[in-house]
J.: 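First the structure, which I've put down as structure tokens, then a few questions once you've had a look.
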Amino acid sequence: MTNPTDEARVLDAVPTGLFIGGSWRPAASGATLAVDDPATGTTLVEVADAGPEDGMEALAAAAAAQSSFAAMAPRARGEILRRAYELLMERIDDLALLMTMEMGKPLAESKGEITYAAEFFRWFSEEAVRIDGGYAIAPAGTSRFMVMKQPVGVCLLITPWNFPMAMGTRKIGPAIAAGCAMVIKPSELTPLSMHALAAILVEAGLPDGVLNVVTTSNAGAVMEPLIRDGRARKLSFTGSTAVGKKLLEQASDKVLRTSMELGGNAPLIVFDDADLDKAVEGAMAAKMRNMGEACTAANRFLVHRSVADAFADKLAARMEALVVGRGTEEGVQVGPLVNAKSREKVVTLVQDALDKGASVKIGAEPGDGPGHFYPPTVLTGVPLEARLSHEEIFGPVAAITVFDEEDEAVAAANDTEFGLVSYLFTENLTRALRVSERLEAGMIGLNTGLVSNPAAPFGGIKESGLGREGGSVGIDEFLETKYVGIAFGG
Ligand code: NAP
């Protein structure tokens with residue numbers, strides 16, 4: 001168990017204002033909002049609650065910083081990111097404690113997220129100096145083409161609560177590397193990790209006004225005027241598909257560049273030729289990371305009839321052995337869900353599946369608090385018409401459905417408007433490649449339950465989003481391509 005003095009010290013150190021133009025300050029209205037511990041329901045701290053005028057000031061600060069930051073040498077921008085990476089890793093224990101307190105995930109998972117978050121800074125510190133261009137001879141030979149890449153301009157970044165730091169560094173890293181100033185709005189549920197990150201970036205040498213943080217309890221009212229203003233040229237959003245669609249419509253007003261990392265409904269297919277232990281290992285990672293509160297979480301387990309019972313037994317044994325509790329406590333592997341609404345949604349989806357004929361193998365009996373806990377749960381015989389076959393569960397519930405033929409599994413896997421990630425387990429190489437080609441998803445986990453990697457292009461197709469974060473393409477989302485046509489010869 002963590003020491004209460006450590007908890008108080010870490011909370012004391014985190015800035016609680018809005019970060020605008022290089023300084024921390026209260027909201028113009030003086031309003032604050034409470035950040036609660038989802039394991040206890042108690043308030044950890046109050047932070048400034050921005051209103052529309054604070055948002056506009058943040059945008060003005062970013063706009064003022066844009067041209068000088070774009071002119072900073074790429075190596076200097078990269079070195080800011082590199083220093084921030086090192087500071088994140090040096091302070092990982094305190095940052096993990098802060099994240100666990102505000103979000104609920106166990107300390108080991110918070111450390112995993114901070115490492116993942118920091119790696120985006122290391123990756124993009126290296127990408128900052130690799131922004132390239134081109135030179136070509138026109139087909140007729142009478143002119144030349146020069147292609148250059150330039151920062152897209154001021155960016156608006158909106159991040160969710162489930163990975164409060166990594167969803168930020170995945171956007172802030174490439175924005176800094178490309179030379180873009182920005183306004184970021186973290187989720188009101190988990191702003192503290194973003195505040196701590198902003199303080200680290202200042203320490204790493206980020207110039208005033210390049211990063212502005214507006215935490216608010218009224219996301220729509222604060223962000224919509226910024227999106228429609230026209231000074232920002234890019235909107236990068238991670239969150240639900242419903243909100244993403246609304247933002248796309250707002251962004252169309254001034255034709256902003258957009259990146260949308262939206263919801264998922266990942267199938268995890270286990271074929272009869274899978275290595276079952278590998279499949280269970282992968283299923284644990286794909287289902288239980290972040291208590292199931294991940295866009296990449298396996299939502300539907302499609303298992304071949306001949307191995308379904310064995311798979312369910314093994315998975316249930318692993319899930320039942322997990323220790324549930326406040327994430328700050330020694331040995332805890334599953335923390336609470338983020339709030340009462342999230343837990344209520346899981347309760348409703350599980351009840352709907354049971355009403356439609358599913359059976360409980362383990363779990364499905366939430367306690368009555370305090371804290372928003374839901375036990376690891378395995379359901380079998382889940383009919384495809386159950387709501388949890390179509391909606392993100394965002395909780396520790398594995399819903400198993402049986403199939404007989406490969407075509408049937410692929411059709412069921414693709415029967416969703418989402419297309420973020422699909423997992424498949426098979427030891428047959430030809431089947432692995434064939435099914436990977438047929439699955440409609442931006443990412444495939446082949447015999448693995450973990451696809452996230454800062455060096456890989458993360459993103460979805462269909463209603464799971466637009467654009468990619470990370471990898472060698474991640475920085476392109478923050479760059480414009482300009483072409484210079486050059487007359488040549490007589
Ligand atoms: P959400 O409700 O869409 O919220 C995401 C962010 O948008 C939060 O900062 C939220 O602020 C803000 N927001 C809400 N309404 C807004 C509006 N009208 N205008 C501007 N901003 C608004 O999603 P969530 O429940 O936090 O996160 C879970 C969702 O994110 C899931 O669907 C998950 O799959 C998805 N996700 C996707 C990825 C990916 O990479 N594809 C990664 C992680 C999560 P407040 O929280 O303060 O209301």
Side-chain angles (χ1 to χ4, degrees), residues 33-36 47 49-50 52 55 102-103 105 113 116-117 120 156-171 183-194 213-228 232 235-251 256 258-266 289-299 337-339 341-342 345 391-395 416-421 441-443 451-454 456-470 474 477:
L33 65 88
V35 182
D36 294 340
V47 300
D49 185 359
E102 69 171 340
M103 190 272 165
K105 69 180 81 181
E113 179 180 340
Y116 176 52
F120 280 104
L156 304 174
L157 314 176
I158 301 176
T159 54
W161 50 265
N162 61 345
F163 292 97
M165 193 174 280
M167 298 302 96
T169 59
R170 210 156 83 158
K171 301 180 191 303
V183 177
I184 186 160
K185 194 212 77 62
S187 168
E188 65 176 310
L189 298 176
T190 58
L192 304 180
S193 297
M194 183 59 63
V213 184
V214 285
T215 297
T216 175
S217 61
N218 202 344
V222 171
M223 294 312 289
E224 184 169 355
L226 274 58
I227 296 168
R228 295 194 189 274
L235 170 65
S236 179
F237 171 75
T238 298
S240 61
T241 296
V243 173
K245 287 180 182 178
K246 213 187 281 184
L247 298 180
L248 277 171
E249 190 216 304
Q250 294 171 13
L256 267 54
T258 54
S259 299
M260 293 279 144
E261 296 288 348
L262 308 178
N265 178 9
R289 181 174 180 226
N290 228 37
M291 291 84 71
E293 293 173 315
C295 53
T296 50
N299 212 50
L337 298 181
V338 75
N339 58 17
K341 194 170 141 218
S342 289
K345 181 179 175 199
E391 293 177 39
E392 274 188 299
I393 304 169
F394 249 55
T416 167
E417 67 273 28
F418 297 105
L420 188 60
V421 55
M443 299 175 288
V451 291
S452 305
N453 190 307
F458 187 105
I461 62 170
K462 294 160 80 176
E463 294 185 27
S464 287
L466 299 167
R468 294 293 180 270
E469 291 188 323
E477 305 275 333

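As the structure lists them, so they are numbered: ligands from 1, and atoms in each ligand from 1. We're numbering straight along the sequence, starting at 1. Predicted model, so just to flag it, every value in this text is computed and none were measured.
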J.: Can you sort out which atoms of ligand 1 are near Phe394, meaning under 4.0 Å from one of its heavy atoms?
T.: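 Contacts of ligand 1 toward Phe394, numbered from 1: 28 (C), 31 (C), 33 (C), 34 (O).
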
J.: Taking all heavy atoms of Phe394 and all of Leu337, pick out the closest pair and write down the distance.
T.: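 Where Phe394 meets Leu337 most closely, the heavy atoms are O-CD2, 4.1 Å.
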
J.: Just to confirm my output: which protein heavy-atom neighbour is closest to atom 7 (O) of ligand 1, and how far is it?
T.: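 For this ligand atom, the closest protein heavy atom is Phe237 CE1, 3.2 Å.
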
J.: So between Pro191, Gly239, Gly459, Pro164, whose heavy atom ends up nearest atom 35 (C) of ligand 1?
T.: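 That would be Gly239.
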
J.: Which part of Ile158 is near ligand 1, with near meaning a heavy atom under 4.0 Å away: side chain, backbone, both or neither?
T.: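 The answer is the side chain of Ile158.
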
J.: Relative to ligand 1, is Phe458 under 4.0 angstrom through side chain, backbone, both or neither, heavy atoms considered?
T.: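 Contact part for Phe458 vs ligand 1: side chain (C-beta onward).
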
J.: Just need the protein heavy atom nearest to atom 27 (O) of ligand 1, so name the residue and atom and give the distance.
T.: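 The closest one turns out to be Pro160 CB, 3.5 Å.
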
J.: What protein heavy atom sits nearest atom 3 (O) of ligand 1, and how far off is it?
T.: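 The closest heavy atom on the protein side is Ser240 OG, 2.6 Å.
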
J.: For atom 21 (N) of ligand 1, tell me which residue out of Gly220, Ala219, Gly264, Gly263 has the closest non-hydrogen atom.
T.: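 Nearest option to atom 21 (N) of ligand 1, by heavy atoms: Ala219.
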
J.: So is Thr241 close enough to ligand 1, meaning a heavy atom under 4.0 angstrom away?
T.: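 Distance cut 4.0 Å: Thr241 fails for ligand 1.
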
J.: Within the 4.5 Å heavy-atom criterion, are Phe120 and Met167 side-chain neighbours or not?
T.: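 Of all side-chain heavy-atom pairs linking Met167 with Phe120, none is under 4.5 Å.
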
J.: Answer yes if the side chains of Lys171 and Ser259 hold a donor-acceptor pair under 3.5 Å, and no otherwise.
T.: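 Result is no, nothing qualifies.
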
J.: What protein heavy atom sits nearest atom 16 (C) of ligand 1, and how far away is it?
T.: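 Of the protein heavy atoms, Val243 CG1, 3.6 Å lies nearest.
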
J.: Which heavy-atom pair separates Glu463 from Thr241 by the least distance, and what is that distance?
T.: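 Closest heavy-atom pair between Glu463 and Thr241: O-OG1, 3.0 Å.
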
J.: With heavy atoms under 4.0 Å as the rule, classify the contact between Met167 and ligand 1 as side chain, backbone, both or neither.
T.: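 Answer for Met167: side chain.
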
J.: Going by the order shown, which atoms of ligand 1 are within less than 4.0 Å of some heavy atom of Leu262?
T.: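 Counting atoms of ligand 1 from 1, those under 4.0 Å from Leu262 are 34 (O), 37 (C), 38 (C), 39 (C), 41 (N).
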
J.: Is ligand 1 under 4.0 Å from a heavy atom in the side chain of Arg170, in the backbone, in both, or in neither?
T.: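 The answer is the side chain.
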
J.: Looking only at protein heavy atoms, which one is nearest to atom 10 (C) of ligand 1, and how far off is it?
T.: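 The closest heavy atom on the protein side is Lys185 NZ, 3.9 Å.
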
J.: Taking 4.0 angstrom as the limit and counting only heavy atoms of Leu247, give me the atoms of ligand 1 inside it, by number and element.
T.: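 Taking each heavy atom of Leu247 in turn, ligand 1 has 19 (N), 20 (C) under 4.0 Å.
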
J.: Taking all non-hydrogen atoms of both residues, which atom of Ala117 and which atom of Ala166 are closest, and how far apart?
T.: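 Closest approach of Ala117 to Ala166: CB-CA, 3.6 Å.
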
J.: Of the non-hydrogen atoms in Ser464 and Gly263, which two are nearest, and what is the gap between them?
T.: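 Nearest pair, atom of Ser464 first, then Gly263: OG-O, 2.6 Å.
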
J.: Considering only non-hydrogen protein atoms, determine which one is nearest to atom 47 (O) of ligand 1 and report residue, atom name and distance to 0.1 Å.
T.: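 Its nearest protein heavy-atom neighbour is Glu188 N, 2.8 Å.
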
J.: Looking at Phe418, Phe458, Phe163, which one forms a side-chain contact (heavy atoms from CB on, under 4.5 Å) with Cys295?
T.: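 With Cys295 as partner, side-chain contact (heavy atoms from CB on, under 4.5 Å) holds for just one option, Phe458.
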
J.: Which heavy atom of the protein is the closest neighbour of atom 44 (C) of ligand 1, given with residue, atom name and distance?
T.: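 Its nearest protein heavy-atom neighbour is Asn162 ND2, 3.4 Å.
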
J.: Look at atom 24 (P) of ligand 1 and say which protein heavy atom is nearest, naming residue and atom and giving the distance to 0.1 Å.
T.: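 Of the protein heavy atoms, Trp161 NE1, 3.4 Å lies nearest.
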
J.: So, for Thr238 and Pro160, which heavy atoms are closest and what is the spacing to 0.1 Å?
T.: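 Shortest heavy-atom separation between Thr238 and Pro160 comes out as O-CD, 3.3 Å.
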
J.: Is there side-chain contact between Val35 and Thr190, with heavy atoms separated by less than 4.5 Å?
T.: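 Answer no - side chains too far apart.
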
J.: May I ask you to identify, for Glu392, whether its side chain, its backbone, both or neither come under 4.0 Å of ligand 1 on a heavy-atom basis?
T.: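 The part of Glu392 near ligand 1 is the side chain, not the backbone.
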
J.: Begin from the C-alpha positions of Glu392 and Lys345 and carry the test salt bridge (charged side-chain N to carboxylate O under 4.0 Å, His left out) through to its verdict.
T.: CA-CA 10 Å; Glu392 274 188 299; Lys345 181 179 175 199; 5.7 Å; no

J.: Please work out which of Cys295, Gly460, Gly465 has its closest non-hydrogen atom nearest to atom 42 (C) of ligand 1.
T.: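 Result: the heavy atom closest to atom 42 (C) of ligand 1 is in Cys295.
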
J.: Quick test of your reading of the structure: of Leu189, Thr159, Asn265, whose heavy atom lies closest to atom 9 (O) of ligand 1?
T.: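 Nearest option to atom 9 (O) of ligand 1, by heavy atoms: Thr159.
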
J.: With distance as the sole test, does Arg468 use its side chain to make a donor-acceptor pair with the main-chain N or O of Gly460 at under 3.5 Å?
T.: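 Looks like yes, one N/O pair under 3.5 Å.
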
J.: Walk me through it: do Arg170 and Thr159 pass the test side chain to side chain contact (heavy atoms under 4.5 Å, CB included)?
T.: CA-CA 10 Å; Arg170 210 156 83 158; Thr159 54; over 6 Å; no

J.: Please report the closest heavy-atom contact between Asp49 and Thr216, naming both atoms and the distance.
T.: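 So the minimum-distance heavy-atom pair works out to OD1-CA, 3.3 Å.
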
J.: Side chain, backbone, both or neither: which applies to Leu420 and ligand 1 if a contact is any heavy-atom pair less than 4.0 Å apart?
T.: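 Answer for Leu420: side chain.
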
